[in-house]
Amino acid sequence: MSTSNHHTDDHLQHHFKDEDQQFESSKLGMWIFLVTEMLMFGGLFVAYIIYRAWHPDLFYLAAQELDAGLGALNTVVLIASSLTIALAIRSLQLDEFKKSIQYLSATLVLAATFLVIKYIEYTDKFAKGILPGGHYSYEGISHEMAANFFSIYYLMTGLHGIHVLLGMGLIGWMIIKVRKRSVHSRYFTPVENTGLFWHLVDIIWIFLFPLLYLID
Amino acid sequence: MNKIIEYLLPPQRSTVASEVDSLFMFINVAGFILFAGIMLTILIFVIKYRRKSEDDVTPVITHNSLLEITWTIIPIILILIVFAWGFRGFMTLSTPPPNAYEIQVKAASWLWEFEYPNGGTTLNEVFVPVDQPVKFIMRSDDVLHSLFIPDFRVKMDILPNRYTSIWFEATETGQSILYCSEYCGSGHSAMLATVHVLSKQEFEEWLETGLEVDEDMPLADLGRQTYTAAGCNACHTLDGTDRIGPSFLNLFGSERTLTDGRTVTADEDYIRRSIIDPNAEITAGYPANMPSYAGRLSDRQIDGLIAFIKELHD
Amino acid sequence: MAETSKQTISIREYPVDEHPDKNYLNHDKGILSWLITLDHKRIGLLYLGSITFFFFLGGVLALLLRTELLTPAQSILDADTYNQIFTLHGAIMIFLFIIPSIPAALGNFFLPMMIGAKDVAFPRLNLASFWIYVAGALFALFSIVTGAVDTGWTFYTPYSTETGTAVVSMTLGVFIMGFSSILTGINFIVTLHKLRSPGQAWGKMPLFLWSLYATAIIQILATPVLAITLLLLIMERVLGVGIFDPALGGDPILYQHFFWFYSHPAVYIMIVPAFGIISELISVFSRKTIFGYWAIALSSLAIAFIGFLVWGHHMFVSGQSELSSVVFSFLTFFVGVPTGIKIFNWVATLYKGSIDLKTPMLYALAFLFLFTIGGLTGIMIGALSVNVHLHDTYYIVAHFHYVMMGGTVIALLGGIHYWWPKMTGRMYNEVWGKITCAVIFFSFNMTFLPQFVMGSQGMPRRYFNYLEEFQGLHQFSTIGSYILGLGFVMMALYLAYSLFRGPKAPPNPWGARSLEWMTSSPPTHHNFEYTPVILHGPYDHHQPEHEFRMGLVSESKETHG
Amino acid sequence: MAVAGALLVLTFLTVAVTWIQIPEPFNVIVAVGIAAIKASLVALFFMNLVRDSLLNRLAFVLSFLFLAIFVVITLLDTLFRDSGFPVF
Ligand code: HEA
Ligand code: HEA
Ligand code: CUA
Ligand SMILES: [Cu+2]
């Protein structure tokens with residue numbers, strides 16, 4: 001980055017005193033970023049809660065349309081991916097680059113699986129005419145506000161899906177970084193932060209799953 | 001003091017007004033004393049402790065817990081008073097007495113429609129009896145509006161998906177202005193109505209006769225009257241300038257180009273259609289936001305409007 | 001990190017090189033070196049330039065509004081244009097000017113310097129935040145070209161989902177700018193936690209930094225909710241999702257909750273940094289230790305916290321439940337307590353001081369005057385029954401101009417004058433400074449005092465036409481606003497003059513004690529050529545100045561191990 | 001960092017809990033409660049909050065606190081819309 005870099009370690013930016021300070025700073029930064037993510041999703045959760053409090057019957061009826069099996073499967077997939085990325089970080093901290101890449105790739109595959117399952121769910125809904133908002137045309141739910149439930153459903157899972165995509169991008173990038181050995185046991189901040197992000201994506205799904213799929 | 005109240009606030013014409021005003025004045029006075037105290041202290045300090053030389057030395061005073069506590073407690077006491085007082089007034093404002101006379105209010109962009117228990121309606125003016133609680137049950141046709149009568153110190157938003165209500169009890173006869181105070185688009189500042197407070201007897205009489213349109217009036221006069229009473233003037237001028245809709249000047253008989261490309265002549269039929277179902281044919285260059293007057297104007301009133309518009313040529 | 005390590009460290013005084021050949025302004029040359037700079041000082045100036053531009057733009061729009069309001073009926077604008085102009089005025093002033101103003105401009109410049117750091121924790125994010133801001137601003141301006149927005153800066157549904165104007169690009173612009181605000185917030189929090197110089201405990205941080213810290217917390221907690229709100233609004237228009245639009249089964253009041261959950265805390269994003277500036281000014285220009293350091297520092301956090309509990313006071317007559325109105329009103333008043341604590345502590349600081357009425361100090365005093373009026377009228381409209389009468393009238397307009405213009409903008413002007421020598425290396429003209437301050441102060445009152453009267457008499461806001469009886473007051477206000485404009489033109493002139501002809505500034509023209517004054521004016525590229533060590537508090541005017549210029553003797557031995 | 005094994009077990013545990021949960025008729029609180037437990041497990045172990053600095057933990061807790069504020073106060077409106085004036 002900046003001009004006068006008299007330090008030996010090329011990851012240390014000039015305005016930091018030492019590696020520790022830099023690592024802690026990025027990690028704190030990442031955590032605060034996660035806070036903003038949670039509040040952003042939080043807005044949708046609030047909308048969800050309000051509408052559910054207003055129309056419990058709607059949520060019950062509409063949730064029947066969702067495939068809890070696929071949802072549960074996706075939960076497993078995401079939790080597994082959370083585990084693999086945690087293991088990837090651990091391997092990296094031990095300088096086991098090969099293993100780390102394997103774990104990261106596994107995470108990537110799991111994330112892709114998640115999206116494929118989501119894709120199946122979406123196409124299935126679309127085929128029935130369950131589309132977000134004004135495009136909704138499904139007749140199978142006898143509730144006048146059925147479209148609203150699915151609006152919330154699509155917004156929540158859609159925003160989450162975008163985060164999964166972002167996470168996949170980050171993980172892919174981390175694989176390249178590990179390949180190039182530009183991260184290692186003394187400097188693994190980017191991977192660590194990617195991991196944090198990915199776990200958050202997992203946590204959000206952990207809440208989405210029972211709230212959207214398991215209503216009885 | 002009363003002079004100040006009279007200057008700052010509109011006349012008190014409802015039962016709640018004086019309660020609201022007294023809190024208003026309390027906060028003004030208490031606030032002013034606080035404010036003047038603070039400013040005076042600053043002024044004194046600034047004069048007394050002006051820098052005398054570049055080598056001034058100042059004492060090291062870091063804090064004083066007693067002072068801190070004082071100026072925490074006193075404001076807390078004040079705000080509790082203000083809260084309780086405001087709460088009481090609000091309670092009055094939001095609990096209509098059970099015997100209130102009910103009037104249905106419908107707000108639309110940009111006119112007011114008032115419907116009385118006997119089924120009669122008025123546009124942009126409302127008649128209420130004095131010394132009698134009146135409750136407005138309000139609903140909007142489109143976006144948010146808000147009904148605000150400064151003389152009565154009442155205000156409430158009007159929503160398209162629910163009923164809201166306000167109530168008041170007028171204390172003197174006369175006219176008061178009613179504003180729309182929630183921003184609702186081009187005609188927001190033209191969305192006014194008049195509240196006529198009548199004595200009980202006059203009100204009864206008005207209910208009998210006033211709701212009927214004066215059928216004997218010459219058509220064009222009736223049209224001119226309806227033009228303001230129904231709020232056409234909010235959107236249509238008579239002098240050729242555009243407001244929200246096209247001006248009525250030289251309208252009759254002219255060729256109108258519609259958004260779908262057709263041209264039509266503005267004859268009697270066209271004008272009637274424009275009033276009853278305005279969004280069926282939209283004149284090019286204007287928004288499709290004229291409200292429909294179907295059911296709001298009598299046939300004769302529409303005839304009157306047509307006759308009135310016919311005369312407008314320069 | 002803050003705590004000094006256990007090894008003994010040796011420190012010595014580093015004298016200031018008064019006018020070094022190389023400073024941050026001429027360190028790199030060329031436009032590009034500015035546009036991609038990672039230097040927090042230059043980014044601060046980029047922000048300062050942008051917000052000045054938008055302030056003038058918003059101000060010119062305001063003058064148009066005021067001109068239209070000279071007469072009760074239509075004069076120079078038609079209704080739709082008027083509506084678009086007040087929307088743009090509000091949106092520009094709020095999202096493009098006042099939210100980034102103090103934190104992103106002055107904060108960026110001085111936060112690292114005041115803690116003796118070379119930069120903020122994430123310089124690249126900092127630059128990104130500036131460009132995100134620019135991108136957002138472009139979207140917002142684009143909306144003017146594509147038909148302008150006429151919803152009011154609050155974008156209330158369902159009007160905003162129905163009106164045919166460019167609501168999507170405007171809200172998208174605001175959405176994007178939200179991220180810029182979030183990034184600045186993250187950067188500040190991390191920098192303050194992790195990059196403070198040795199010896200700078202939390203209790204030795206200048207109060208400006210405490211206020212920026214509190215602001216940053218609000219920024220990261222509230223802004224994401226604005227983001228999701230606007231996203232929902234956009235989806236409402238694009239897909240018709242029906243969460244806020246009653247025509248689709250949604251609830252317009254829910255929109256208002258979402259909007260104010262951000263926008264009320266946002267008013268503290270605007271004012272709390274201003275409080276910070278005032279703390280600096282009052283102490284420095286009375287050459288006295290600040291009175292009640294901790295009370296002032298912690299009250300910022302208290303305001304930030306309570307600020308999250310009161311958003312519904314904008315909705316007393318919206319149709320929300322009476323219960324929540326009562327709760328919101330109750331909580332609202334409690335913001336007044338920590339704010340009052342600040343004001344009283346500032347006044348107490350003046351006691352037995354050595355008060356020097358330089359231009360920045362005049363602004364500080366003007367702030368105390370105007371903001372107290374604005375704040376006390378806030379209490380007025382927080383009272384339930386009175387709010388019913390005053391809501392959406394010019395009383396509200398006057399209230400928020402008193403706090404935003406009379407509070408934040410006046411403090412910003414004070415801050416700009418105070419730090420002008422440091423940022424530019426030049427002194428402005430003191431006489432013109434004082435005259436202009438007086439002009440602005442009087443014309444401001446002339447513009448907005450009558451609006452309180454109009455408002456309580458019942459003049460609704462966002463009205464393009466009005467009743468004849470208000471004409472006198474409106475005209476008075478309009479004339480005031482013209483003089484106000486004149487004041488700003490005067491300021492622009494003498495400040496521009498000082499850039500080229502002003503006398504060179506010494507490192508510490510005001511005899512201040514905080515770190516940014518312990519280096520040259522303008523500062524060098526790295527702020528300090530050594531690692532500063534803080535021995536005294538930032539307001540310890542009784543300690544000799546040279547003891548504030550201490551630094552570690554040899555930096556390289558300081559690494560861990 | 002010898003938590004890897006424990007993590008695996010916990011994962012299966014949480015998943016298993018999900019499966020048992022479906023037939024359960026008594027619902028929202030249980031569902032959300034379990035989700036909360038699962039989330040805290042992820043946060044504490046995967047995200048290593050157990051060993052993280054106080055500040056990072058605080059950040060995590062704060063976001064929930066403010067979300068709670070948002071929800072609760074908004075519900076004060078939406079649940080009590082038509083119930084008229086509260087009588088104390
Ligand atoms: C910088 C911005 C800023 C600030 C700091 C404030 C500060 C406050 N505001 Fe303001 N407000 C706005 C910007 C701001 N506001 C805006 C933009 C709007 C309108 C938005 C729109 O609709 O377009 C608005 C609207 C607004 C409303 C809604 C009005 C309506 O639409 O009906 C209310 C109601 O409660 C309110 C209250 C308050 C209160 C109680 C404070 C308090 O924080 C004030 C605290 C300060 C003091 C109290 C003074 C100092 C204290 C003392 C001297 C001690 C003694 C004090 C006591 C005894 C209490 N404000
Ligand atoms: C930071 C916030 C801020 C600031 C500083 C201002 C500043 C001003 N505002 Fe604004 N205002 C708002 C925020 C702000 N406003 C908001 C949020 C609204 C609500 C919008 C809504 O309802 O949605 C509003 C609404 C509002 C209204 C109400 C409109 C209505 O309801 O119908 C009015 C009317 O008088 C007004 C006037 C002014 C004036 C005269 C100034 C003056 O103080 C401006 C002073 C500045 C200048 C005069 C510029 C000086 C420069 C020149 C003249 C030189 C030009 C030079 C070059 C081009 C190089 N404002
Ligand atoms: Cu209707 Cu404003
Ligand atoms: Cu507010």
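Per chain, numbering begins at 1; letters A, B, ... match sequence-line order. Atoms considered below: every heavy atom in the structure, side chains included; atoms not considered: hydrogens, waters and symmetry mates.
In terms of heavy atoms, A/T36 sits closest to C/I220 at CG2-O, 3.4 Å. The shortest non-hydrogen separation linking A/A47 to C/I243 is CB-CG2, 4.4 Å. Contact detail for A/L39 and C/V225: the closest heavy-atom pair is O-CG2, 4.0 Å.
Here C/F179 contributes atom CZ and A/M40 contributes atom CE; the two are 5.0 Å apart, rounded to the nearest 0.5 Å. Put simply, CD1 on C/I228 and CG on A/L159 are 5.0 Å apart, with the number rounded to the nearest 0.5 Å. Note that the CZ atom of A/F33 and the CG atom of C/L125 stand 9.5 Å from one another [nearest 0.5 Å]. The distance from the CD1 atom of C/I189 to the CD1 atom of A/I32 is 4.0 Å, given to the nearest 0.5 Å. With rounding to the nearest 0.5 Å, the separation of CD1 in C/I186 from OG in A/S25 is 13.0 Å.
C/L254 touches chain A through its side chain: at least one heavy atom from C-beta onward sits under 4.5 Å away, while N, CA, C and O do not. Both the backbone and the side chain of C/A121 come within less than 4.5 Å of a heavy atom in chain A. The part of A/Y51 that comes within reach of chain C is its side chain, from C-beta onward, which places non-hydrogen atoms under 4.5 angstrom from that chain. Only the side chain of A/L155 comes within contact range of chain C, with at least one heavy atom under 4.5 Å from a heavy atom of that chain. In this structure, chain C has a heavy atom under 4.5 Å from the side chain of A/W54, while its backbone stays farther away. With a threshold of 4.5 angstrom between heavy atoms, C/I182 approaches chain A through side-chain atoms but not through N, CA, C or O.
Between the side chain of C/D251 and the main chain of A/I50, no donor-acceptor pair closer than 3.5 Å is present. Between the A/E24 side chain and the C/K194 main chain, no donor and acceptor come within less than 3.5 Å of each other.
Chosen from C/T229, C/T191, C/V120, the residue pairing most often with chain A at heavy-atom distances under 4.5 Å is C/V120.
The local environment of CZ in A/F126 is crowded, with over 12 non-hydrogen atoms from other residues, nucleotides or ligands closer than 6.0 Å.
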